[in-house]
Amino acid sequence: MRNHFDYLKGKYGAWLKLKNKTGNIYDPSTNTFNLTPEKWEVEIESNRFVESLRTTSLPFPDLCAKLFEGGMSVGLGGHGPGSKDPLPTTEPFVVLDD
């Protein structure tokens, strides 16, 4: 199960990099990319997970985004998926002086 999780996480990372890269034509209806064979070769050399995206699409991209983005705990006081603490806020802490 851990191997499949790691593979899916790597494939999602490669998919996200391709989707956010300028010049790539992403088709959301088929969840695929339209790249020239030369561009595919360059991308495959930089990331081994890209090769599988050439022939198949990423399964459940929305679910992968929820699973892999921002859910990792970092250090003490980090917030992870199993944390019972409330989500940390992104609002700045402001001290008002009377």
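Residues take their numbers from the sequence shown, with the count starting at 1. Because only heavy atoms are used, hydrogens play no part in the values below, and waters and symmetry mates are left out as well, while side chains stay in.
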**Q** Do L16 and F5 share a hydrophobic cluster, counting only Ile, Leu, Val, Met, Phe, Trp and Tyr and linking them when any side-chain heavy atoms are less than 4.5 Å apart?
**A** yes
**Q** Please answer: with hydrophobic residues joined when any side-chain heavy atoms are less than 4.5 Å apart, are L53 and L67 in the same cluster?
**A** yes
**Q** Might you work through the side chain to side chain contact (heavy atoms under 4.5 Å, CB included) test for S46 and K17, ending with a clear yes or no?
**A** CA-CA 11 Å; S46 68; K17 180 184 171 199; 3.6 Å; yes
**Q** Taking atom types as modelled, is there a side-chain donor on N31 or Y26 under 3.5 Å from an acceptor on the other?
**A** yes
**Q** Table please: side-chain donor-acceptor pairs of residues 54-63 below 3.5 Å, with sequence neighbours left out.
**A**
from: R54; atom 1: NH1; to: E41; atom 2: OE2; distance (Å): 3.0
from: T56; atom 1: OG1; to: S52; atom 2: O; distance (Å): 2.8

**Q** Mind checking whether E51 and W40 have side chains closer than 4.5 Å, heavy atoms only?
**A** no
**Q** From L35 CG over to L18 CG, what is the distance, rounded to the nearest 0.5 angstrom?
**A** 6.5 Å
**Q** Applying side chain to side chain contact (heavy atoms under 4.5 Å, CB included) to V42 and E38, what does each step give before you reach the verdict?
**A** CA-CA 6 Å; V42 169; E38 295 82 22; 5.8 Å; no
**Q** Answer with yes or no after comparing the ring centroid distance for F49 and Y12 against a 6.0 Å cut-off, counting only values under it.
**A** no
